[in-house]
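Only a predicted model underlies this, so the values are computations on that prediction, with no experimental measurement involved.
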Amino acid sequence: MAKTEKRFDTKVQELKYKVLREVARIAYQSDNGFDMAMSFNDVAKVIVGPKPTMRCCIYKERAIVGERIKMACGGDKNNPNVIEVIDIACDECPASGYQVSQDCRGCIAHRCEEACSRDAIYFDENQKAHIDKSKCVNCGACAKVCPYSAISNYKRPCEKACKVKAISMREDESHAAHINNDKCISCGACEYMCPFGAIVDKSFILKVVDMLKKSDNNKNYKVYAVVAPSISSQFRYAKLGQVISAIKEIGFFSVVEAALGADLVAYKEAQELAEKGFLTSSCCPAFVDYIKKTVPKMAEHISSNLSPMAAIAEYIKQQDPTAKVVFIGPCTAKKKEIQDERVAPLVDSVLTFEELQALIDSRDIDLQSLPEDVLDNASYFGRIFARSGGLADAVRESIAEQGLECEYNPISCDGIEECRMALLKASKGVLKENFIEGMACVGGCIGGAGCLTHEANKDKNEVDKYGKEALEKKITDAIRVLN
């Protein structure tokens with residue numbers, strides 16, 4: 001088996017994976033599922049050694065592992081958000097705001113002092129400038145006039161990553177990060193950027209293990225895995241066909257491409273655009289949530305279609321009402337999407353690629369020794385939904401295939417900041433494009449927080465390559481099997 005160091009971008013991801021793997025392993029082996037009180041030491045001994053390696057002492061390391069186990073078990077049931085902060089793991093990063101660095105030369109001009117209207121600048125005996133945080137309002141006037149650029153606006157990594165300004169610092173003694181659920185869109189950007197792994201998405205891995213076990217090898221009901229097309233850019237130490245084999249080895253009855261749902265969505269969104277004349281995509285749940293929370297006047301323009309995940313899940317359950325459907329992909333926001341009243345009856349649970357890796361290894365499955373299975377029931381256009389611009393290309397193709405008379409001028413928004421600008425223009429009636437493809441993560445789904453690796457150019461190339469391998473070259477050919 002390949003070393004885990006080659007599977008992930010960071011050690012934080014590896015730490016999270018180890019906890020998930022051990023929790024899943026114990027849940028598989030136990031007749032009564034996972035009991036935290038009974039199993040804590042079994043998990044902790046894999047993570048924490050006799051000497052501290054990450055924190056001040058092994059006691060704090062063990063306490064943090066305990067909190068990580070809780071997240072692996074589903075987190076705080078009273079918190080509807082799928083992203084949570086582990087307070088004890090937060091490193092108490094310095095408060096965000098303007099700070100004076102060591103580059104301050106103690107000049108006598110004191111331009112910073114003159115520029116500050118709040119008298120927040122003061123000097124020590126060496127004439128070095130300091131900022132009184134109780135007076136500072138972070139206007140930045142001092143930074144603009146400093147001749148040495150010694151004053152800069154510092155932001156915590158999580159705050160910098162969050163483009164919707166949902167992250168702040170707690171007012172209590174912990175000074176830990178705090179997530180405003182009214183603003184959060186569950187994209188997971190803060191989680192991926194936190195260097196201490198203090199921000200984590202809730203895991204439903206135990207629910208999936210229980211679902212698989214109770215199916216009794218798919219005799220009581222069939223469990224389907226719906227995999228996102230971005231899987232083609234992950235698990236690089238093995239072949240995609242081997243990953244499909246592993247998913248079935250875990251206990252899934254069948255593996256279905258979410259890309260087939262993407263084909264269906266592209267087909268219907270082309271029709272909806274032709275009817276309405278202006279549309280915003282419905283595929284990215286974080287983007288949809290962003291519209292509803294920040295530009296509610298644009299919500300009426302969101303496509304009425306389900307996301308590709310939900311669309312293909314709906315088809316599966318129409319064919320087999322007793323089936324269970326688990327979506328596997330790169331997206332933490334999908335865990336929030338399945339709380340939606342339209343989607344909840346269709347998708348039973350969601351796993352990220354990180355969690356899939358943990359699930360595979362909890363069963364001691366060696367991916368590289370498995371035969372290659374086949375995953376081929378979607379078109380090129382459905383598969384390229386995984387990267388920014390793919391949806392726009394698919395809608396264009398669908399308009400052509402259906403012969404729709406429709407003006408088509410799309411804009412592909414790569415990341416939430418580009419989404420914000422497009423929506424702002426559209427809300428003011430100055431956007432020249434008539435279709436907004438919104439992707440909350442930079443690069444599209446291949447940039448999702450639940451990915452094993454994040455190498456934009458390489459991941460995009462892998463997705464395009466995977467798309468070109470599709471036997472169905474047209475969208476209409478792919479969705480014909482659904483009729």
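Residue I26 comes nearest to S39 through the heavy atom pair CG2-OG, 3.5 Å, listed as atom of the first residue, atom of the second, then distance. Nearest heavy-atom pair, I58 versus G49, reported as atom, atom and distance to 0.1 Å: CG2-O, 3.6 Å. Listed here is the closest heavy atom pair of C158 and I167: SG-CG2, 3.5 Å. Listed here is the closest heavy atom pair of V255 and L375: O-CD1, 3.7 Å. Of all the heavy atoms in A470 and Y380, the pair that sits closest is CB-N, 3.7 Å. In terms of heavy atoms, Y315 sits closest to V481 at OH-O, 3.4 Å.
Partners of K16 under the salt bridge (charged side-chain N to carboxylate O under 4.0 Å, His left out) rule, at least two apart in sequence or in another chain, are E191, D201, E354. Partners of S307 by side chain to side chain contact (heavy atoms under 4.5 Å, CB included), not counting sequence neighbours, listed by chain and number: M309, A310, K334, E337. In terms of the side chain to side chain contact (heavy atoms under 4.5 Å, CB included) criterion, residue partners of K214 (sequence neighbours excluded) are, by chain and number, D210, Y221. Looking at residues two or more places apart in sequence or on another chain, you find a ring-ring contact (aromatic ring centres under 6.0 Å, His included) between F253 and Y224. Residues satisfying the side chain to side chain contact (heavy atoms under 4.5 Å, CB included) criterion with K213, sequence neighbours excluded, are Y28, V209. Every residue two or more places apart in sequence or in another chain that forms a side chain to side chain contact (heavy atoms under 4.5 Å, CB included) with S101 is listed here: D103, A150.
Every pair tested for ring pair (Phe, Tyr, Trp, His ring centres under 6.0 Å) that includes a residue from residues 337-362 fails, sequence neighbours excluded, so the list is empty. Listed by first and then second residue, the salt bridge (charged side-chain N to carboxylate O under 4.0 Å, His left out) pairs that reach into residues 444-458 are R236-E455, E455-K458, sequence neighbours excluded. Applying the salt bridge (charged side-chain N to carboxylate O under 4.0 Å, His left out) test to pairs two or more places apart or on separate chains, those with a residue in residues 29-54 are D42-K45. Among pairs with a residue in residues 309-318, those fulfilling salt bridge (charged side-chain N to carboxylate O under 4.0 Å, His left out) read K317-D348, at least two apart in sequence or across chains. Pairs of residues two or more places apart, or lying in two chains, that qualify as salt bridge (charged side-chain N to carboxylate O under 4.0 Å, His left out) and include a residue from residues 240-266 are K248-D373, E257-R383.
In K202, the NZ atom is crowded: over 12 heavy atoms of neighbouring residues, nucleotides or ligands sit closer than 6.0 Å. Atom NZ of K473 has more than 12 neighbouring heavy atoms from other residues, nucleotides or ligands inside a 6.0 Å radius. For NZ of K465, the number of neighbouring non-hydrogen atoms (other residues, nucleotides, ligands) closer than 6.0 Å is 12 at most. For Y59, the OH atom sits in a loose shell: 12 or fewer heavy atoms of surrounding residues, nucleotides or ligands are nearer than 6.0 Å.
In summary, the side chains of R62 and N41 do present a donor paired with an acceptor at a separation below 3.5 Å, with no hydrogens or angles considered. A donor-acceptor pair shorter than 3.5 Å can be found between the side chains of E437 and S412. Side-chain atoms of S30 and N32 form no donor-acceptor pair, as typed in the model, at a separation below 3.5 Å. N81 and D76 form no side-chain donor-acceptor contact under 3.5 Å, judged by distance and modelled atom types alone.
Checked for salt-bridge contact, R25 and D361 miss the test: no charged N lies under 4.0 Å from a carboxylate O. Comment: K335 engages E355 in a salt bridge, judged by a side-chain N to carboxylate O separation of less than 4.0 angstrom. The pair R55-E61 does not count as a salt bridge, with every side-chain nitrogen at least 4.0 angstrom from each carboxylate oxygen.
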Notebook entry, point to check: Does the pair S303 and E269 meet the rule for a side-chain hydrogen bond (donor to acceptor under 3.5 Å, both in side chains), with working shown?
Noted result: CA-CA 7 Å; S303 170; E269 284 201 344; 3.0 Å; yes
Item checked: Check against ring pair (Phe, Tyr, Trp, His ring centres under 6.0 Å), F8 and Y17 -> CA-CA 9 Å; F8 307 101; Y17 148 81; 5.1 Å; yes
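In this structure, R420 forms no cation-pi arrangement with Y290, as its terminal cationic atom is not both closer than 6.0 Å to the ring centre and no more than 45° off the ring axis.
The backbone N or O of Y237 lies less than 3.5 Å from a partner atom in the side chain of Q368, making a donor-acceptor pair. Panel note: side chain R363, backbone I250; a donor-acceptor pair is recorded below 3.5 Å.
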Let me check something: any side-chain donor-acceptor pairs from residues 318-331 under 3.5 Å, sequence neighbours excluded? List them with distances.
unit_1 : atom_1 : unit_2 : atom_2 : d
D320   : OD1    : T322   : N      : 3.2
D320   : OD1    : T322   : OG1    : 2.7

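Going from atom CG of L264 over to atom CD1 of I475 covers 10.5 Å, rounded to the nearest 0.5 Å. Atom-to-atom distance recorded for Y192:OH and T332:OG1 is 13.5 Å, nearest 0.5 angstrom. If you take SG on C73 and CG on L206, they are separated by 5.0 Å, rounding to the nearest 0.5 Å.
Partner of S388 under the side-chain contact (heavy atoms from CB on, under 4.5 Å) criterion, out of V442, I446, D414: D414 alone.
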